[in-house]
K.L.:
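Encoded as structure tokens, here's the structure I'll be asking about.
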There are 2 protein chains.
Amino acid sequence: MKQSTLCPRFEKAVSLLSQRWTALVIYQMLDAPQRFGAIQSAIGVSGKVLSDRLKDMEQEGLVKRDVYPETPVIIEYSLTDKGRSLEPVLRDIEQWSQDWIPPKTSDETDLTESHQ
Amino acid sequence: MKQSTLCPRFEKAVSLLSQRWTALVIYQMLDAPQRFGAIQSAIGVSGKVLSDRLKDMEQEGLVKRDVYPETPVIIEYSLTDKGRSLEPVLRDIEQWSQDWIPPKTSDETDLTESHQ
DNA sequence: TATACTTAGTTACATAAAGTAACAAATTAA
DNA sequence: TTAATTTGTTACTTTATGTAACTAAGTATA
């Protein structure tokens, strides 16, 4: 069990986007370049995994890492053109979530909110 | 480390799509309803994980499971409206992969193909 | 000078998810 | 009776992710 008949480029794209946190990191950087700590607290990812993910994404050419030797040093992550070109995908997902995901998931039993 | 400032509906959508195999299973069913074995061999997923995924996706209302008591029995999986509504997302990813993923990944050194 | 604080991570360890291979139940075919 | 097919399941291994403590470099504070 290892063959597929799918287009390898499509498979690759899907595997990038289905890495946990990758989509959220890109989404976060759509607004502006971000520092490590900002990304971490915005999306709630651990330092270890964020560190791994940023390295992967740099490797894949989605993200650029800039060092500003201010004092203290500032390290800023931003999207490359390739990374930014995923914006439509993220916006589609955002729109879909508004259209199809109910405001509260059914296992949160907060009766002060109406359910779909 | 567990808070995020993101919209929970968007987070939910991203978590669905970043489950490994989910996007490929949906993509596969865009063409037509499919049987278990067909999905398995089309995308190269193990029986165990496909079984888990289809249950998850049924639970999430993305996929419908129909039993046709022919002999032998036929079990067919198809997309619900909610599942099908992800088509634009998948098509965007497909398009993006054609625009931005090179034909061969750089670690496959097949020199009979030209590289980007 | 010693202590504490901040940023950008890393390390060691624990838990969860995914992969592999063998197996099972139901039915049909040889 | 034996084998084959379909739709899974079970037991076990490997990989990915999460948690918490720690580090290094620089700055500020007492």
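Convention: sequence-line order gives letters A, B, ...; per-chain numbering from 1.
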K.L.:
Can you measure A:Leu24 atom CG to D:dG18 atom P for me and round it to whole angstrom units?
P.N.:
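Value for this atom pair: 11 Å.
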K.L.:
Specify the separation, in whole Å, of atom CH2 of B:Trp21 and atom C1' of D:dT15.
P.N.:
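Going from CH2 in B:Trp21 over to C1' in D:dT15 covers 14 Å.
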K.L.:
Only counting residues at least two apart or in another chain, list the ones meeting side-chain hydrogen bond (donor to acceptor under 3.5 Å, both in side chains) with A:Gln34.
P.N.:
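A:Gln34: no side-chain hydrogen bond (donor to acceptor under 3.5 Å, both in side chains) contacts found.
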K.L.:
Enumerate the ring pair (Phe, Tyr, Trp, His ring centres under 6.0 Å) contacts for residues 23-52 of chain A, please, sequence neighbours excluded, ordered by first and then second residue.
P.N.:
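Sorted pair list: A:Tyr27-B:Phe10.
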K.L.:
Do any pairs count as a salt bridge (Lys or Arg N to Asp or Glu O under 4.0 Å) and have a residue in residues 87-97 of chain B, sequence neighbours left out, and if so which ones?
P.N.:
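Residue pairs with at least one partner in residues 87-97 of chain B: B:Arg84-B:Glu87, B:Glu87-B:Arg91, B:Arg91-B:Glu94.
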K.L.:
Can you run down the ring pair (Phe, Tyr, Trp, His ring centres under 6.0 Å) pairs that involve residues 62-89 of chain B, sequence neighbours left out, and say none if there aren't any?
P.N.:
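Listed once each, the pairs would be none.
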K.L.:
Do nucleotides 7-17 of chain C as a string where each nucleotide becomes B, S or -: B if the base has a protein heavy atom under 4.0 Å, S if just the sugar-phosphate does, - if no protein is that close.
P.N.:
SSSBBB----S
K.L.:
With salt bridge (Lys or Arg N to Asp or Glu O under 4.0 Å) as the rule and sequence neighbours excluded, what pairs involving residues 39-54 of chain B come up?
P.N.:
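Sorted pair list: B:Arg53-B:Asp56.
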